[in-house]
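Here the structure is laid out as structure tokens; the discussion comes afterwards.
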Amino acid sequence: MGSVNATTPPSAHRNIVPAFRTFAAITGSGFRRYSTYRQATVAGAFTNTVFGFLRTYVLLAVAAGTATGLAGGYSQKQLVTFVWTGQGLLAVVALWGSTELADRIRTGDVASDLLRPVHPITMYLAADVGRAGHAVLTRFVPPVLTGLLFFDVYLPRQWFTAPLFVLSTGLAVLLCFACRFLVNSVAYWLTDIRGPMIAWMIGSGVLGGLFFPLRFLPEPLMVALWVATPFPGMLQTPLDVLVERDAPALRGGLVALQVMWAGLLLTACVMVQRRAERRLVIQGG
Amino acid sequence: MSVIEARGLRKEFTVRVKRSRLRREKRVVRAVDGVDLTVERGEMLGYIGPNGAGKSTTLKMMTGVLMPSGGEVRVCGYTPVPQRTKLARRIGVVFGQRSQLWWDLPLRDSFDLLRHIFRVPADDHASRLRRCRSLLDLDEFLEIPVRQLSLGQRMRGELTAALLHGPEVLFLDEPTIGLDVVSKQAVRSFLTEVGERGDTTLVLTTHDLADIERLCKRLVVIDHGRVVHDGTIDALHARYGSRRRVVVDLDEPVASFGDATVEADGRRLVFEVDGSAAAVVARLGGLPGLRDIAILEPDIEDVVARLYKTATEDAP
């Protein structure tokens with residue numbers, strides 16, 4: 001309407017700023033979407049806080065039972081920080097996430113995603129960054145403040161820990177998004193993804209370091225998990241960075257592993273999306 | 001200049017049919033089976049067919065959602081699937097049974113987000129939105145989350161969303177499905193306005209033939225994935241011999257009157273005419289007890305039903 005010519009895309013070298021604005025606008029929409037569900041946000045933060053107490057008491061009991069007072073190489077203060085920050089990060093990375101994409105594939109609504117001049121992965125990633133931003137404010141802060149109020153926590157001592165933690169958390173969001181996207185994309189082939197989703201929820205909880213710190217495992221198994229799977233990068237790595245569990249060089253190496261896995265998984269997302277589009281069947285006519 | 005060109009367009013799906021408790025048989029279903037179609041700029045095309053005829057599948061191939069199994073299609077000079085993101089800026093799509101709006105956000109936020117996604121200059125966006133707000137009465141529900149809108153309100157929002165980036169071609173897949181009479185009228189009036197401006201090509205699939213009569217000069221009928229009619233609605237009537245009818249009600253029964261069919265115990269005469277009914281009406285002056293005369297236009301639904309039936313019988 002109004003004009004014969006459609007809006008034409010600008011040339012590639014002038015594309016970066018508009019592309020960033022588009023990404024930021026979609027991110028903002030992701031933030032606003034989640035801000036509309038206030039009761040769910042409060043309920044989620046409350047639940048994470050309650051489980052924070054349970055996990056803290058269990059891990060402190062484990063540490064108290066050792067001769068050195070250390071458990072998995074963590075001091076009691078480090079364990080407290082590990083648990084409460086983990087309870088907050090759980091929602092930021094959305095470890096269990098949702099089946100929104102799979103539902104859209106199952107109902108055929110995914111057709112609408114393909115009618116926009118933005119790659120579907122970019123669309124979903126931008127919205128997920130907005131969701132993560134909302135979670136930082138509403139789901140991360142309450143458990144962390146609770147931990148600070150009720151327990152003796154470990155505070156980072158080196159100046160670079162905070163920026164490295166922020167970077168590591170950003171990469172964890174990216175990694176977790178890519179994994180959830182892949183699990184949801186199974187719906188292009190299977191339609192019903194309840195099985196893969198249950199496997200993902202259990203696997204990510206155990207192997208990501210949510211149920212217990214991976215440092216409790218035998219070292220060869222722990223190393224294998226870290227190098228050969230993306231799971232530790234979703235939760236365990238940012239938490240280990242924050243509590244300064246390892247020497248600075250090793251911490252940097254763990255973040256580098258996150259970068260590698262993020263690159264691999266996002267590439268896998270692009271390939272899966274391309275294959276899925278070629279064989280797409282829009283369900284429901 | 002053609003904006004849509006399809007040559008031998010095909011789409012096949014593989015379905016698994018249960019043969020026994022353990023055995024499944026693969027069967028190839030041809031949803032679209034060699035469609036040839038050329039649509040010129042500014043045309044308003046009605047694309048109709050019975051359920052499962054391949055209408056929506058054709059539209060999805062033209063918009064880049066589905067990969068064709070064979071043949072060629074170009075829309076606005078692009079091959080839809082490989083050049084989908086470029087094509088998306090040039091077309092607008094409304095699926096009557098699906099939403100392109102953000103469920104959790106107010107309608108206004110969806111429109112604003114689409115402005116960024118399609119990178120529409122703010123002034124263009126504002127003027128197009130202003131026009132849609134006025135024509136579709138959007139103001140009363142702009143601030144309401146999409147999930148709380150009625151179907152009619154949502155459809156008005158969908159139409160706006162599809163037009164805000166100034167598309168050259170607007171694809172509408174059953175846009176009036178499930179709407180009440182008032183909402184249907186609003187949608188049709190709006191589309192008439194869009195079509196009359198002449199700068200937007202409109203491709204409409206529907207089961208409501210009133211949509212077609214009101215909006216489209218050209219009608220393409222598809223059945224079993226093949227085009228069985230391509231022409232004007234008048235040409236369809238001519239092809240299937242549908243004629244105007246003059247119905248005459250009488251106070252006094254007659255046994256016969258010229259070539260009229262006699263009904264209602266001789267109290268009703270029905271004439272079938274091509275073109276003007278004046279000659280028949282002039283002959284009625286001598287009839288005793290003439291109570292009423294009605295001239296009925298040929299019913300497109302009857303014609304299309306006959307066409308579907310014929311096409312089904314002829315299908316391989």
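All chains are named by letter (A, B, ...) in the order of the sequence lines, taking the proteins before the strands, and each is independently numbered beginning at 1.
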Is [X] close to chain A through its backbone or its side chain, or both, or neither, when contacts mean heavy atoms under 4.5 Å?
X	answer
B:Ser127	neither
B:Leu114	side chain
B:Ser99	backbone
B:Arg130	neither
B:Leu105	side chain

- request: Answer yes when B:Arg74 and B:Glu5 have at least one side-chain N-carboxylate O distance shorter than 4.0 Å, and no when they do not.
  value: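 Salt bridge between B:Arg74 and B:Glu5, a charged N being under 4.0 Å from a carboxylate O: no.
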message: Closer than 4.0 angstrom, basic N to acidic O: yes or no for B:Arg115 and B:Asp124?
response: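 B:Asp124 and B:Arg115: not salt-bridged.
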task: Find the one option among B:Asp112, B:Thr57, B:Asp109 whose heavy-atom pairs under 4.5 Å with chain A are most numerous.
output: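 Maximum pair count with chain A is reached by B:Asp109.
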field: Interface moiety of A:Phe23 toward chain B, non-hydrogen atoms closer than 4.5 Å
entry: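 Neither part; nothing is under 4.5 Å.
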field: Contact class of A:Ala19 relative to chain B, heavy atoms under 4.5 angstrom
entry: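 Contact with chain B: backbone and side chain both.
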- prompt: Between A:Phe31 and A:His134, what is the ring plane arrangement, given parallel below 30°, perpendicular above 60°, and tilted in between?
  reply: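 The rings of A:Phe31 and A:His134 stand perpendicular, inter-plane angle above 60°.
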message: What I'd like to find out is whether the side chain of B:Pro167 reaches to under 4.5 Å of the side chain of B:Arg90, using heavy atoms alone.
response: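 No, side chains not in contact.
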Heavy-atom pair with the smallest gap, counting every atom of A:Pro196 and A:Leu190: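 Of all heavy-atom pairs spanning A:Pro196 and A:Leu190, the closest is CG-CD1, 4.2 Å.
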- prompt: What option among A:Arg116, A:Arg32, A:Glu277 has the most heavy-atom pairs under 4.5 Å with chain B?
  reply: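 Between A:Arg116, A:Arg32, A:Glu277, the count favours A:Arg116.
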Residues B:Asp208 and B:Thr176: side-chain donor-acceptor under 3.5 angstrom: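 The answer is no; no qualifying pair exists.
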task: Step by step, work out the salt bridge (charged side-chain N to carboxylate O under 4.0 Å, His left out) result for A:Arg131 and A:Glu100.
output: CA-CA 13 Å; A:Arg131 177 208 57 72; A:Glu100 185 185 354; over 6 Å; no
